[in-house]
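So that the names make sense, note that chain A is the first sequence line, chain B the second, and so on, each numbered from 1. Keep in mind that the numbers below use all heavy atoms, side chains included, and drop hydrogens, waters and symmetry copies.
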Amino acid sequence: MIFSNTLIYWYLQNNRELPWRKTKNPYFIWLSEIMLQQTRVAQGLSYYQKFTTDFPTVFNLANADESTVLKMWQGLGYYSRARNLHFSAKQIANELNGEFPSTYKEIIKLKGIGDYTASAIASICFNEPTAVLDGNVYRVLSRYYGIDTPINSSAGIKEFKTLAQSLIDETQPGTYNQAIMDFGALHCKPQNPLCETCPFSDSCVAFEKKLTKELPVKEKKIKVRKRYFNFLVIKTDNDTTILSERKGKGIWQGLYQFPLIESNKVINKDELILSEEFINLFPLETTISLFNPKEIVHKLSHQHLYTQFWIVETANSAETTIKWSEIEKYPVPILIANFLEAFQAEK
DNA sequence: AACCCGTGGGG
DNA sequence: TCCCCAAGGGT
């Protein structure tokens with residue numbers, strides 16, 4: 001049987017019922033595809049419900065403040081997705097009369113949409129035979145065809161893209177694309193794939209040669225940078241604190257945080273107080289205590305953040321203060337959200 | 001081309 | 001201070 005037919009037959013019997021599969025509205029499909037980039041279905045589900053409820057049309061999303069969108073995205077990670085989503089929503093609303101572009105070529109022009117997402121939307125919503133290439137597709141194809149070209153090399157990307165495109169069912173490209181992804185996610189899994197009950201077991205190269213565990217091949221590991229964060233949590237007499245937006249290029253752009261002093265190791269109270277940055281922030285007398293006795297290690301994909309939260313009691317209130325009662329309105333990294341939960345519980 | 005961007009689950 | 005990976009994209 002043809003590869004795509006076997007796949008679609010499997011899919012018709014085993015597919016998951018997911019909310020975005022009940023619609024072909026490109027706006028909803030777009031939302032789901034952005035949320036699911038590098039993100040598991042279980043983690044993205046509630047965010048999809050929240051966004052489609054609060055922003056039922058692209059105009060609702062376009063009219064929201066960026067900070068509101070980021071607040072709704074809080075906890076999902078990769079926040080540039082939310083910023084780009086919002087940027088493109090405004091573009092669709094204002095320049096395209098709210099009409100989502102209908103071809104791969106036009107869709108991929110939108111910020112935040114690359115080859116995968118453009119292929120997914122074009123095939124699912126507009127029946128255009130453009131094959132998706134995601135982690136699942138790499139795994140299924142590398143195993144079935146026994147291809148050991150690294151999937152994160154430029155040669156690998158080209159090779160797999162060509163192969164994927166040659167396999168697509170042009171009469172039902174959207175179903176085919178979702179079938180190969182679901183098959184990868186549920187059956188041809190990274191660990192412990194279900195080879196014993198696999199519809200492809202009679203022709204899968206990796207199964208025949210016992211190479212399942214070796215495929216797909218991925219080149220080079222990422223290196224992790226260690227950083228040492230000291231957040232200064234200010235408590236004033238009138239229940240205010242300082243929270244400021246992270247600007248610039250690095251992590252958590254557009255999210256808010258307490259004043260931050262970064263050091264090159266875990267430091268103690270004396271070292272903190274004597275630092276130039278601290279003196280600049282608090283020239284007057286303060287009372288300081290460390291909230292978390294053992295530093296919190298917050299792990300990002302490329303950084304490990306060794307974090308201490310310092311409670312700083314002071315009488316003077318700077319210009320940029322906010323009220324503690326309004327702190328939950330601000331989008332914050334999960335590291336800070338977790339601190340706030342523990343801190344408020346203790347009060 | 002290589003590097004950066006979050007968070008959470010599972011072995 | 002493990003390891004991998006997840007419906008990737010931007011620079």
Would you jot down, in residue-number order, the residues of residues 246-256 of chain A having a non-hydrogen atom under 4.0 Å from DNA chain B? A:Gly250, A:Ile251, A:Trp252
Does A:Gln303 offer a backbone N or O that forms a donor-acceptor pair with the side chain of A:Arg227 under 3.5 Å? no
Can you see if the side chain of A:Gln303 gets near the phosphate of B:dC5 - specifically, an N or O under 4.0 Å from OP1 or OP2? yes
Given B:dG6, C:dA7, C:dC5, identify the nucleotide with an atom nearest to the side chain of A:Gln178. C:dA7
Whole-Å distance, A:Arg81 CZ to C:dG10 C1', equals 13 Å
What's A:Gly75 touching, base or sugar-phosphate or nothing? Going by heavy atoms closer than 4.0 Å. sugar-phosphate
Let's see if you can work this out: which of C:dA7, C:dG8, C:dC5 has an atom nearest to the side-chain heavy atoms of A:Thr117? C:dG8
May I ask you to establish whether A:Lys111 and A:Phe87 are in a cation-pi arrangement, using a distance under 6.0 Å from NZ or CZ to the six-membered ring centre and at most 45° from the ring axis? yes
Please state whether the phosphate of C:dA7, meaning OP1 or OP2, lies under 4.0 angstrom from any side-chain nitrogen or oxygen of A:Ser32. no
Under 4.0 Å, counting only non-hydrogen atoms across every strand here, what does A:Tyr79 touch: a base, just sugar-phosphate, or nothing? sugar-phosphate
For A:Leu76, which contact category applies under a 4.0 Å heavy-atom criterion: base, sugar-phosphate, or nothing? base
Would you mind reading off the distance between A:Glu33 atom CD and C:dG9 atom C1', rounded to a whole angstrom? 14 Å
Nucleotide C:dA6, atom P - distance to OH of A:Tyr78 in whole Å: 12 Å
Report yes if a side-chain nitrogen or oxygen of A:Ser154 is closer than 4.0 Å to either non-bridging phosphate oxygen (OP1 or OP2) of B:dA1; otherwise report no. yes
Separation of A:Lys189 atom NZ from C:dC5 atom P, in whole Å? 15 Å
Interatomic distance, A:Leu36 CG vs B:dG6 P [rounded to whole Å]: 18 Å
To the nearest Å, give me how far apart CZ (A:Arg83) and C1' (B:dC5) are. 9 Å
Would one find a side-chain N or O of A:Gln38 under 4.0 angstrom from OP1 or OP2 of C:dA6? no
Regarding A:Asn177, tell me which of base, sugar-phosphate or nothing describes its non-hydrogen contacts under 4.0 Å with the strands shown. nothing
Atom P, compared across B:dG11 and C:dA7: separation rounded to whole Å: 16 Å
Can you list the steps and then say if A:Glu33 with A:Thr117 is a side-chain hydrogen bond (donor to acceptor under 3.5 Å, both in side chains)? CA-CA 6 Å; A:Glu33 292 298 345; A:Thr117 306; 5.5 Å; no
Verify the ring-centre separation between A:Trp20 and A:Tyr48: is it less than 6.0 angstrom? yes
Give a yes or no on whether the ring-centroid distance for A:Phe183 and A:Phe200 is below 6.0 angstrom. yes
So which nucleotide from C:dG8, B:dG8, B:dT7 ends up closest to the side chain of A:Arg40? B:dG8
Closest-nucleotide mapping onto DNA chain B: is A:Ala155 or A:Arg225 further toward the 5' terminus? I mean the 5' end. A:Ala155
By nearest-heavy-atom nucleotide on DNA chain B, the more 5' of A:Asn192 and A:Pro333 is A:Pro333
Only residue of A:Phe258, A:Trp324, A:Phe309 satisfying ring pair (Phe, Tyr, Trp, His ring centres under 6.0 Å) with A:Phe343 is A:Trp324
Ignoring the backbone of A:Lys299, work out which of B:dT7, C:dG10, C:dC2 is nearest its side chain. C:dC2
Whole angstrom is fine here: how far is it from CG in A:Leu300 over to P in C:dT1? 18 Å
State whether A:His302 places a side-chain N or O below 4.0 Å from either non-bridging phosphate oxygen (OP1 or OP2) of B:dC3. no
Quick check: A:Phe51 with A:Tyr47 (ring centres under 6.0 Å apart)? no
For A:Tyr104 and A:Asp115, run side-chain hydrogen bond (donor to acceptor under 3.5 Å, both in side chains): C-alpha distance rounded to whole Å, both residues' side-chain angles, the deciding distance at 0.1 Å, then the answer. CA-CA 9 Å; A:Tyr104 172 91; A:Asp115 176 69; 2.6 Å; yes
Give one of base, sugar-phosphate or nothing for A:Thr39, where a contact means two heavy atoms less than 4.0 Å apart. base
Measure from CE on A:Met35 to P on B:dG6 and round the result to the nearest Å. 16 Å
Minimum heavy-atom separation for A:Pro56 and A:Phe28, please, with both atom names. O-CZ, 3.5 Å
Distance between C1' atoms of B:dG6 and C:dC5 (Å, rounded): 13 Å
Using a heavy-atom cut-off of 4.0 Å across all strands, would you classify A:Trp20 as base, sugar-phosphate, or nothing? base
Reckon A:Leu18 touches a base, only the sugar-phosphate, or nothing at all at heavy-atom distances under 4.0 Å? base
Given DNA chain C, 5'-ward residue of the pair A:Lys226 and A:Lys111, judged by closest heavy atom: A:Lys226
